[in-house]
Protein chains: 2
Amino acid sequence: MAALTLATWNINSVRLRIDQVARFADMAKPDVICLQEIKCMEDQFPAKAFKDMGYPYFHVTGQKGMHGVATVSRSPIDVLEDCSVCPKGEARHHVVRIEGVEFQNYYIPAGGDEPDVEINPRFAHKLDFLDRFGAYLEKRGKAGGDVVLVGDLNIAPREHDVWSHKQLLKVISHTPVETEGLELARTRAGYLDVARELIAEPEKIYTWWSYRNRDWRKSNRGRRLDHIWVSPSLQAAATTHGREGFTIWDEARDWEKPSDHVPVTLKLG
Amino acid sequence: MAALTLATWNINSVRLRIDQVARFADMAKPDVICLQEIKCMEDQFPAKAFKDMGYPYFHVTGQKGMHGVATVSRSPIDVLEDCSVCPKGEARHHVVRIEGVEFQNYYIPAGGDEPDVEINPRFAHKLDFLDRFGAYLEKRGKAGGDVVLVGDLNIAPREHDVWSHKQLLKVISHTPVETEGLELARTRAGYLDVARELIAEPEKIYTWWSYRNRDWRKSNRGRRLDHIWVSPSLQAAATTHGREGFTIWDEARDWEKPSDHVPVTLKLG
DNA sequence: GTAATAGGTG
DNA sequence: CACCTATTAC
């Protein structure tokens, strides 16, 4: 496997923030960028801008106005699957192969406000997605091969992945049914949570800060919603640079009109 | 009458373009600025920004989301009338006194697309407004005194106030019923059209270029929709600096996210 | 083309 | 708080 740097970023409209993607690419120089919430159709994707910044290859799974994921790359992309996990024709997932590595790019449903499936169908949909996701990972895990799974999984699984474990236990993204469901899905495939392989608890890790906190850095009410997982075959490649190889670009949260998520990168091999 | 510089500008949202107003004020240093299409309520008017740029006095006649006029000044303002010409409670007009001079600030209805009162109620509304406007001016003209009337009158009255007289004769803003109605209203009060006092035809004068022309300067399909009129008592004061005292700031049309109208200034006295 | 509104989503 | 979609208006 060739060495490469990969990035994942919930961009919250790729058309609106294409200049921020270019700025980030110039700094981090990733070989592969996985984006979520691109909020556009395939034909609206700013392909030329990506080509100009050195990413002539891309695969886009989009829908009108909401959700959508895209993977862009310096080297050619083979498409393996599109939305196999998504019900209702939503554009939340695809699987591609780049340089012999399988990349799974996800945008898991946010789940609404009320953590009760009886009264909140969005939460029910999230848990349903999580079940399908786990089943898909188990199947995929058995197939073996080098796999990188990234995306906005909309769940902060561990106690120190949120600013207050206690206050968020009943807040969607950190309820036990979600955090346990996510960990179960991951372990069913045997994948490794790279951030926590490199940065043990109780150190806090966040990748998202709500737009609703006006001074995000001061209040620092973050959550780790964006993840990079790897198959066991990539354990050495993913950790060989230690925590220096894993970067959360929180400076991007201070840019003009930022996304509420920041990019995360990993040097592989 | 103290010497002063006055400005008129259809700003197309004063909240969105308050920084452009500051930039303009810094260049042109007007003592009085009359704005149209402020598109906000009185309580949303960026009063502090105007105070910071040296205009602690202002009078705002606003409504939610559309229309609205504001007059800001370095010296105190007496309010004489609000919307006396406007039917249907629209915020399109006010009259104030500053330094002994009466300022009338108007935003005349655009009138829609089809120049036929039978099928286009907006055009009927515009012509109705024009009638009321003429009657009001005649009354006001008889009262005498120093009067400055400014605003986006949404009519280009003369042949050389549009890029093509022939092609615009059936386009609202330059139809004969409008151009004749506007000239009649003006002459009923005996007011002078300052631009044409200083710059005779056939020289073209434009203050507005549609957003729909992508290269506005190259295609130059402009219209003179923004006007400065004065009472006969101010004829000498309005023309004493010659055409150097009258400026159309067309450079503002090239600023980032510009208004489709540019500011116009006059040195008075 | 540009900006306002309102309603839906995160 | 900020994005999308419509709609209306100029």
Side-chain angles (χ1 to χ4, degrees), chain A residues 10-18 20 36-41 44 62-68 90-92 107-114 120-123 125-126 152-155 171-173 208-216 219 221 223 225-226 253 255-261, chain B residues 10-18 20 36-41 44 62-68 90-92 107-114 120-123 125-126 152-155 171-173 208-216 219 221 223 225-226 253 255-261:
Chain A
N10 177 320
I11 193 63
N12 189 14
S13 176
V14 70
R15 287 176 293 176
L16 211 60
R17 275 182 261 279
I18 185 64
Q20 295 188 43
Q36 302 86 37
E37 280 206 88
I38 59 170
K39 292 190 173 175
C40 67
M41 301 284 283
Q44 302 172 309
Q63 71 181 72
K64 192 164 102 178
M66 277 196 302
H67 317 322
E90 291 180 317
R92 294 184 175 276
Y107 174 58
I108 290 184
D113 282 329
E114 196 57 56
N120 177 7
R122 292 175 190 287
F123 193 52
H125 177 226
K126 183 177 194 173
D152 176 5
L153 307 185
N154 262 319
I155 297 171
V171 172
I172 289 178
S173 74
W208 173 89
W209 292 263
S210 170
Y211 283 125
R212 298 179 203 193
N213 293 321
R214 37 166 210 93
D215 190 340
W216 71 277
S219 59
R221 298 191 166 188
R223 303 182 201 170
L225 303 181
D226 303 278
R253 191 64 179 75
W255 294 349
E256 276 288 298
K257 293 211 141 240
S259 170
D260 45 353
H261 297 252
Chain B
N10 178 320
I11 192 63
N12 190 14
S13 176
V14 71
R15 287 176 294 176
L16 210 62
R17 275 182 262 277
I18 185 63
Q20 295 188 45
Q36 302 86 38
E37 280 206 88
I38 59 169
K39 293 189 173 177
C40 67
M41 302 284 282
Q44 301 172 309
Q63 71 182 72
K64 192 165 102 178
M66 279 197 301
H67 317 322
E90 291 179 318
R92 294 185 175 277
Y107 175 57
I108 290 185
D113 282 329
E114 197 57 56
N120 177 7
R122 291 175 192 286
F123 192 53
H125 177 226
K126 183 176 193 173
D152 176 4
L153 307 186
N154 263 318
I155 297 170
V171 173
I172 289 178
S173 74
W208 172 89
W209 292 263
S210 169
Y211 283 125
R212 297 178 203 192
N213 293 322
R214 41 166 210 91
D215 192 338
W216 70 277
S219 60
R221 298 190 166 188
R223 303 182 201 171
L225 302 181
D226 303 278
R253 191 64 179 75
W255 294 350
E256 277 288 299
K257 294 212 139 241
S259 171
D260 45 354
H261 297 252

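Residue numbering restarts at 1 for every chain, and letters A, B, ... go by the order of the sequence lines. Computed from a prediction, not measured in an experiment: that's the story for all the values here.
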When rounded to whole Å, the CD to P distance for the pair A/Q36 and D/dC4 reads 16 Å
From CD1 of B/I11 across to P of D/dC10 the rounded distance in Å is 18 Å
Students should find that the nucleotides of DNA chain C closing off the region near chain A, any atom under 4.0 angstrom from a heavy atom, are C/dT9 to C/dG10
Nearest heavy-atom approach of B/N12 to B/K39 is OD1-NZ, 2.8 Å
Of the candidates D/dA2, D/dA9, D/dA6, the side chain of A/Y211 sits closest to D/dA2
B/I38 atom CD1 is separated from D/dA9 atom P, nearest whole Å, by 19 Å
Contact between B/V14 and B/C40 at the side-chain level, heavy atoms closer than 4.5 Å - yes or no? yes
Residue set satisfying salt bridge (charged side-chain N to carboxylate O under 4.0 Å, His left out) with B/R17, at least two apart, ordered chain then number -> none
Is A/H67 touching bases, backbone alone, or none of the nucleic acid, heavy atoms closer than 4.0 Å? sugar-phosphate
task = Select base, sugar-phosphate, or nothing to describe what B/R214 touches, counting heavy atoms under 4.0 Å on all strands.
result = nothing
Rounded to whole Å, the CG-P distance (B/L153 to D/dC10) equals 16 Å
Student check: side-chain heavy atoms of A/S219 and A/N213 closer than 4.5 Å: yes
Whole-Å distance, A/M66 CE to D/dA2 C1', equals 15 Å
Heavy-atom nearest pair, B/Y211 first then B/D260, reads OH-N, 3.2 Å
To the nearest angstrom, the CD-P distance between A/E37 and D/dC4 comes to 10 Å
Using a cut-off of less than 4.0 Å, is there contact between a side-chain N or O of A/R15 and OP1 or OP2 of D/dC3? no
- Message: Does D/dA2 have OP1 or OP2 under 4.0 Å away from a side-chain N or O of A/S13?
- Response: no
Query raised in the report: Looking just at side-chain N and O atoms, do A/N154 and A/K126 make a donor-acceptor pair shorter than 3.5 Å?
Result: no
A/K64 has its side chain closest, among D/dC10, D/dC4, D/dA6, to D/dA6
dist A/Q44:CD -> A/K64:NZ (nearest 0.5 Å) comes out at 9.0 Å
Q. When you check the phosphate oxygens OP1 and OP2 of D/dC3, does a side-chain N or O of A/K257 lie under 4.0 Å from one of them?
A. yes
To the nearest angstrom, the CD-C1' distance between A/Q44 and D/dC4 comes to 11 Å
Atom CG of B/D113 and atom P of D/dC10 are separated, to the nearest Å, by 10 Å
DNA chain D nearest-nucleotide lookup for A/G65 and B/K39: closer to the 5′ end is A/G65
